[in-house]
Amino acid sequence: ISGSKVSQWNLFQCMQRKFGAQEFNYMPESLVLPRDKEQLAAALRSDPHPWITKLSLGKRGIGVSVISDPEQIPTDHDYVAQRYITNPLLVRGRKIHLRLYLLITNLHPLRALLHREGLVLFASSNYSTAWTSFSDLSIHLTNAAVADRAEKQSPDNSMLLSDLWRALEAERGADVVGHLWPKIHDLMAKVVLSEQCDKDYDRRVSGTCFDLIGVDVLFTEEMVPYLLECNNGPEIYTQNSETRKANDLAHKLVLQDLVPMVAIHGRPKDEEVEHFQHRLENFMKVNDIERCGEYGGLGGSCITPSDIEELWKLHSEELHRGNFERLYPSSSEHYFKYLLHGVSHLDKLAHLWVSSNY
């Protein structure tokens, strides 16, 4: 998954052109700088609504500004300018964003999972939309590094995602909160699938690598989720754990589920193999599939040894996934239409296996 904000916007636009703004609407209006400098300047002159500019490959809040004047437009590096979301969801009077953990374990066929736990990161000062507030990043940015630089470190600057859900249930009701996780699932699946809009996923030997991505999502007051950015190599250890106890706990919870998922396992236990064989035989019987030689499964009417190996990897992930939830393959064919380079035999087989077994 690209960690470049410019690339993420280009991929989002690519999918939006193909499938429409109704289906791909999870990013705020954005412009690329310096390419779109004149367009942004015209927007600022016609409408004083603020924009936020971010370095395309920036981290830790470095190079971020909230601007409302064409004279403030940066052009010294590659930036993304986003129409600023002025009605964010507030908790304890402060702006927040969610740090979610996305795991890609394979590309052909695609396998992606999302951890149930995550972090809620707070701005270190109470929220304001006063024009004079936009120069104070401790109000408008939720990065921990911004709090560090402002010397406003506090255990209150973060909380576990599960604690946020409980707080929102008490405030808004379980029905409202119950709709948020499916929205996040859909956003995450589309982020993953948009990656192959301009070219197919890289070809790698199945099971030889994985990628953990920190995905930042902001909810509006109306509970609409927006993708802020994707971070390759997210922080998964905690410095200053006394002031970041929630960070430390979230990192440990993700790691304890990540390692069993991606570790190279030795010989599987006999009961695991027996369980898989039982499921495989039942799967083949229910779906009227027969075993065949290595090159006999191209039509999808029989299953090859390589196919069985891929199903075993999928099954093994299911055994060890802990609190990771499967995004893809899913039990629904809904996302097949976004596979722009065609739905492969293995894609169909993985979908059939998941819908039959989990």
Side-chain angles (χ1 to χ4, degrees), residues 26-28 49-54 58-68 82-101 117-173 176-177 179-181 183-184 187 214-231 234-235 238-251 253:
Y26 58 79
M27 290 189 77
H49 187 99
W51 289 63
I52 186 167
T53 60
K54 309 174 186 179
K59 291 187 176 183
R60 301 175 60 82
I62 295 170
V64 178
S65 300
V66 181
I67 67 172
S68 56
Q82 294 178 331
R83 187 172 176 84
Y84 190 58
I85 297 170
T86 54
N87 61 332
L89 175 66
L90 302 182
V91 175
R92 303 196 293 257
R94 292 189 283 164
K95 181 179 175 180
I96 62 168
H97 86 261
L98 313 186
R99 163 57 61 88
L100 303 167
Y101 296 94
E117 193 56 272
L119 267 174
V120 182
L121 298 172
F122 287 71
S124 50
S125 298
N126 284 351
Y127 187 68
S128 171
T129 54
W131 291 106
T132 53
S133 78
F134 291 132
S135 61
D136 187 347
L137 296 183
S138 72
I139 294 173
H140 296 283
L141 293 193
T142 48
N143 309 60
V146 173
D148 291 344
R149 291 196 289 272
E151 297 185 348
K152 293 185 176 182
Q153 304 96 331
S154 166
D156 291 335
N157 287 346
S158 60
M159 70 191 304
L160 289 176
L161 180 60
S162 53
D163 289 335
L164 174 67
W165 296 150
R166 281 189 284 272
L168 289 176
E169 280 185 8
E171 179 183 326
R172 304 196 181 203
V176 172
V177 176
H179 289 98
L180 300 185
W181 194 244
K183 289 180 181 180
I184 289 173
L187 185 155
V215 183
D216 292 341
V217 172
L218 179 144
F219 272 96
T220 67
E221 177 63 24
E222 294 77 23
M223 297 299 192
V224 177
Y226 284 96
L227 173 71
L228 296 181
E229 61 188 61
C230 297
N231 298 274
E235 180 183 76
T238 307
Q239 294 179 334
N240 305 321
S241 58
E242 281 304 306
T243 57
R244 297 179 181 171
K245 292 181 179 179
N247 305 52
D248 190 41
L249 182 54
H251 295 159
L253 290 171

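- In this structure a side-chain-to-backbone donor-acceptor pair under 3.5 Å is present from Arg94 to Ala123.
- The two residues Ser68 and Trp131 have their closest heavy-atom pair at CB-CZ3, 3.5 Å.
- The structure places OG1 of Thr142 at 10.0 Å from CG of Asn157, a figure rounded to the nearest 0.5 Å.
- Of all non-hydrogen atoms in Gln82 and Leu228, the two that sit nearest each other are NE2-O, 3.9 Å.
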Evaluate Trp165 against Leu180 for side-chain contact (heavy atoms from CB on, under 4.5 Å), listing each step before the verdict.
CA-CA 9 Å; Trp165 296 150; Leu180 300 185; 3.5 Å; yes
Apply the test side-chain contact (heavy atoms from CB on, under 4.5 Å) to residues Phe219 and Ile96: give CA-CA distance (whole Å), side-chain angles for both, the deciding distance (0.1 Å), then the verdict.
CA-CA 8 Å; Phe219 272 96; Ile96 62 168; over 6 Å; no
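- Within the model, atoms CG of Leu160 and CG of Asn247 stand 9.0 Å from one another, a figure rounded to the nearest 0.5 Å.
- Minimum interatomic distance between Gly118 and Ala250 (heavy atoms only, all atoms of both residues): O-CB, 4.2 Å.
- The pair Asp248-Lys245 does not meet the salt-bridge criterion, since no charged nitrogen lies less than 4.0 angstrom from a carboxylate oxygen.
- Distance check, rounded to the nearest 0.5 Å: CG of Asp216 to CG of Asn143 gives 7.5 Å.
- Note: Asn87 CG to Ile85 CD1 = 7.5 Å, rounded to the nearest 0.5 Å.
- Of the possible polar contacts, one joining the Lys183 side chain to the Met223 backbone as a donor-acceptor pair under 3.5 Å is found.
- Taking the six-membered ring wherever Trp is involved, the centroid distance between the rings of Tyr84 and His49 does not fall below 6.0 Å.
- With rounding to the nearest 0.5 Å, the separation of CE in Met159 from CG in Leu119 is 10.5 Å.
- For Leu98 against Leu164, the heavy-atom pair with the smallest separation is CD2-CD2, 3.7 Å.
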I would like to know whether His251 and Tyr101 meet side-chain contact (heavy atoms from CB on, under 4.5 Å); could you show each step before the answer?
CA-CA 10 Å; His251 295 159; Tyr101 296 94; 3.5 Å; yes
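- With respect to Arg99, the side-chain contact (heavy atoms from CB on, under 4.5 Å) criterion is satisfied by exactly one of Val215, Asn231, Leu161, Val120: Asn231.
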Working note: Leu218 + Lys95, criterion side-chain contact (heavy atoms from CB on, under 4.5 Å); need CA distance, chi angles, decisive distance, verdict.
CA-CA 9 Å; Leu218 179 144; Lys95 181 179 175 180; 3.5 Å; yes
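- Minimum interatomic distance between Tyr226 and Thr220 (heavy atoms only, all atoms of both residues): CE1-CG2, 3.6 Å.
- To the nearest 0.5 angstrom, Asp156 atom CG is 11.5 Å from Ser124 atom OG.
- A salt bridge links Glu221 with Arg172; the closest basic N to acidic carboxylate O contact falls under 4.0 Å.
- Between His140 and Tyr127, the distance separating the two ring centers is shorter than 6.0 angstrom.
- Between the Ser128 side chain and the Ser133 main chain, no donor and acceptor come within less than 3.5 Å of each other.
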